[in-house]
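All remarks here apply to the structure that follows.
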Protein chains: 2
Amino acid sequence: MDKKYTIKDIAKLAGVSKGTVDRVLHKRGKVSPAALDKVNEVLKVIDYEPNLIARNLKNNKIYRICILLPDPEIDPYWRPCLNGIDDAVKEFKAYNLVIETFYFNPEKKKSFLKANEAVLELSPDAVLLAPLFHKETVDVIEKYHSLNIIVNTFNNQVESSFVKSFVGQDLFRSGRVAAKLLDSITDNGQIAIVHIDETYKNAIHMQEKERGFRNYFDEKENSAYTITTLKLKNPNVEISFNTFLNENPDLSGIFVTTSKSYQIAKIISDFKNKKIRVVGYDLIDENVSYLNQGVIDFIIHQNQKRQAYLGITSLVEYFLFQKEIPEMILLPIDIVNAENAEYYVE
Amino acid sequence: MDKKYTIKDIAKLAGVSKGTVDRVLHKRGKVSPAALDKVNEVLKVIDYEPNLIARNLKNNKIYRICILLPDPEIDPYWRPCLNGIDDAVKEFKAYNLVIETFYFNPEKKKSFLKANEAVLELSPDAVLLAPLFHKETVDVIEKYHSLNIIVNTFNNQVESSFVKSFVGQDLFRSGRVAAKLLDSITDNGQIAIVHIDETYKNAIHMQEKERGFRNYFDEKENSAYTITTLKLKNPNVEISFNTFLNENPDLSGIFVTTSKSYQIAKIISDFKNKKIRVVGYDLIDENVSYLNQGVIDFIIHQNQKRQAYLGITSLVEYFLFQKEIPEMILLPIDIVNAENAEYYVE
DNA sequence: AAATAAAGTGTGTTCGAGCACATTTATTGT
DNA sequence: ACAATAAATGTGCTCGAACACACTTTATTT
């Protein structure tokens, strides 16, 4: 009754052979106008959907996907990605897929290049990478492209027409979200945007967040906030920031643009004069701990796990089921407080 | 080199036929100890993973899944579910699946029962339902179970050992999230928990949210809040709440436990005396509009779309790939403000 | 020891799409 | 009109797992 139509069914209905139907469906030509009409007539009436299972059984090529990201041992920010990768691997382990992960030292361009060389050795079908070093990334992307290897990026965006897809967040928007949060939890006064030195990290990341943050307050009429940008460098963060705190008694809110908000939290938790509100990024353990203590008020979740997961699954589904890969997948900007954190921590 | 092992490969390696390997893999018996050992020896060495594609090609049974939920025309809360269902249908349309949706009037038990009868007529393999009427739900679940039809629920939980899986949110926790939000955006004063009459809705829903909300403040030391619960009924919401507002000039925050926060927002947006903060539920248009106007501060997203989507996909993957269905899938409690709303609106 | 039952093993077909190749039909040139 | 060639069409095999069925070997009964 509601059995799916097969090519054989169409052939029978149209009074031709399955070979002809196949040629029509794939526009391979070598079909007479008469036969073409007959088949199209049938296709118009019935709703044919090729059986993906059967289609893929034949195509038993092994697809190889390589993922390149900074070593989570060096920067724990990337740890959740491993879970995302793991989920994807588990989900597709029954298919003809080889998914391999490569780490590089996020502080060393050489390490990044070396990892890419190792990937090239394997001549994979696709590469998913977290592009930290701009120039180097553009170069390797071109290399991959010339070898017909698909390149997708996640977390960081990079300008290159050779990148098929990007998974990440709108950082400008995420800055606005942070601004809105601080706006709602602080009374007027001074707000500090704090960039904590992460030498290697694409500075664009932090800049975009700052732009969004300031944009929110610029748009707001009669805003009585003063916004100051602070660039702190380890190991001087503590001293510099303490000085700043003492010089700015009006400070009511802090927006930390990196996952290092725990460093700021540590300082202000000793600083009992006044309640200062903090909004930061990323659910790493130290941050969650200060979130639970009430020192950090909100954390914006960048959802690295899902970024990695979607980066892989979109490639897998492209290879296995010829699903189109969207040029850009923007993940929601999740707002986390002490009460809903457990659902996002990975 | 890294081709996947097939049953044939195992057979060759073990020096038996693929029939014997098959019997070992499926524990069908009729295998001599000697042959069993040989096959197990090979299986120990190699990492065999059956090809799901091939497996499912053979099993060309058509699975029928029915979804029962309130008519979104009557309660727009359920509208996002349609998108979730749609996504799942699209994703699996190439497989042997029939997914059918049935609506019932959320105000009429009879309508619910009638919808279930229609479902029973089709004798599906599984049913996914939003259980509104407790007693009736328990009855139909028993009926389904006796007919070997799998029953999963979403959105509302119902006590029944016959339910295989539940997809939803922890409502107690969501009450706590709301409390934390109001706590962070209001100064001490009075807070109102507002239940707006939705006759049909399982009152447990709202009660759980209230319990969580109060629990947060109970746990908080030296909290200087007064918490009042208000039960409002349409069409008297406006009059009653205006009276309440006038009688309680100290009111600083409102927690609306249903998706009707726009009704409260409408009232307080005319009430210019003081800034009153509002936290409510669900991204329906009216609420988002007040969110953007700054009348509602936060909305908790119940993610109906994903609830429906996961409810279906878990069943599909169970049938198609014999994946286990988790007994309970708890979705994150998403916090939404005017800046990140666009990512959640469906 | 032969007959019969039981246990163990292998072979062959199926699922649906895809594609190579064989076969048939139509068209062109002489 | 009849090759020669081109165009159109159909047949049959493949992928891997699953399972029915036929066949062979071993065990049990008389």
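Labels below follow one simple rule: chain letters A, B, ... track the order of the sequence lines, proteins then strands, and each chain is numbered from 1. Predicted model only: the values in this text are computed from it and were never measured.
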Return the value, rounded to whole Å, for the distance between atom [atom1] of [X] and atom [atom2] of [N].
X        : N       : atom1 : atom2 : result
Tyr95(B) : dA17(C) : OH    : P     : 13 Å
Leu36(B) : dG8(C)  : CG    : P     : 10 Å
Lys12(A) : dT11(D) : NZ    : P     : 13 Å
Lys30(A) : dA20(C) : NZ    : P     : 11 Å
Ile62(B) : dG16(C) : CD1   : C1'   : 14 Å
Lys38(B) : dG8(C)  : NZ    : P     : 14 Å
Asp37(B) : dG8(C)  : CG    : C1'   : 15 Å
Lys61(B) : dT14(C) : NZ    : C1'   : 18 Å

- Looking only at side-chain N and O atoms, does Ser32(B) come under 4.0 Å of OP1 or OP2 in dG8(C)?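 Ser32(B) to dG8(C) OP1/OP2: no side-chain N or O under 4.0 Å.
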
- Within less than 4.0 Å of OP1 or OP2 of dG10(C), is there a side-chain N or O belonging to Thr20(B)?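 Yes, within the criterion.
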
For [X], ring-ring contact (aromatic ring centres under 6.0 Å, His included) partners two or more places apart:
X         : result
Phe112(B) : Phe104(B), Phe133(B)
Tyr309(A) : none
Tyr343(B) : none

With a cut-off of 3.5 Å and sequence neighbours excluded, list every side-chain donor-acceptor pair involving residues 39-53 of chain B.
| unit_1 | atom_1 | unit_2 | atom_2 | d |
| --- | --- | --- | --- | --- |
| Asn40(B) | ND2 | Leu36(B) | O | 3.4 |
| Asn51(B) | OD1 | Ile53(B) | N | 2.8 |
| Asn51(B) | OD1 | Ala54(B) | N | 3.2 |

- Task: Estimate the overall bend of the helix from dA1(C)-dT30(D) to dT30(C)-dA1(D) from the end axes over five pairs each, rounded to 10 degrees.
- Result: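 Roughly 50°, once rounded to the nearest ten degrees.
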
Might you list the N or O atoms of the protein lying below 3.5 Å from N or O atoms in nucleotides 26-28 of chain C, with each pair's distance?
none

- For each nucleotide in nucleotides 13-22 of chain D, reading 5' to 3', give B when a protein heavy atom comes within less than 4.0 Å of its base, S when such contact involves only the sugar-phosphate, and - otherwise. BBBBBBB---

- Determine which pairs satisfy ring-ring contact (aromatic ring centres under 6.0 Å, His included) with at least one residue from residues 50-71 of chain B, sequence neighbours left out, and list them in order.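 Passing the test, one end in residues 50-71 of chain B: Tyr63(B)-Phe319(B).
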
Can you list, pair by pair, the side-chain donor-acceptor contacts under 3.5 Å of residues 5-14 of chain B, counting residues two or more places apart and other chains?
| unit_1 | atom_1 | unit_2 | atom_2 | d |
| --- | --- | --- | --- | --- |
| Thr6(B) | OG1 | Lys8(B) | N | 3.2 |
| Thr6(B) | OG1 | Asp9(B) | N | 3.3 |
| Thr6(B) | OG1 | Asp9(B) | OD2 | 3.3 |
| Asp9(B) | OD2 | Thr6(B) | N | 2.8 |

- Item | Test item: side-chain donor near acceptor, Asn155(A) and Tyr77(A), under 3.5 Å |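 Side chains of Asn155(A) and Tyr77(A): pair found under 3.5 Å.
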
- Tell me, yes or no, whether the heavy-atom count around Lys114(B) atom NZ, taken from other residues, nucleotides or ligands under 6.0 Å, exceeds 12.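 Check fails, neighbour count at 12 or below.
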
- Message: So, using side-chain hydrogen bond (donor to acceptor under 3.5 Å, both in side chains) as the criterion, who are the partners of Tyr344(A) when residues are at least two apart?
- Response: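 With neighbours one apart ignored, the set is Asp334(B).
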
- Item | With sequence neighbours excluded, residues passing side-chain hydrogen bond (donor to acceptor under 3.5 Å, both in side chains) with Lys30(B) |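 If we apply the side-chain hydrogen bond (donor to acceptor under 3.5 Å, both in side chains) test to Lys30(B), skipping adjacent residues, there are no hits.
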
- Message: Taking salt bridge (charged side-chain N to carboxylate O under 4.0 Å, His left out) as the cut-off, I'd like each qualifying pair that reaches into residues 142-162 of chain B, sequence neighbours left out, listed once.
- Response: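 Output for this query is empty, none listed.
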
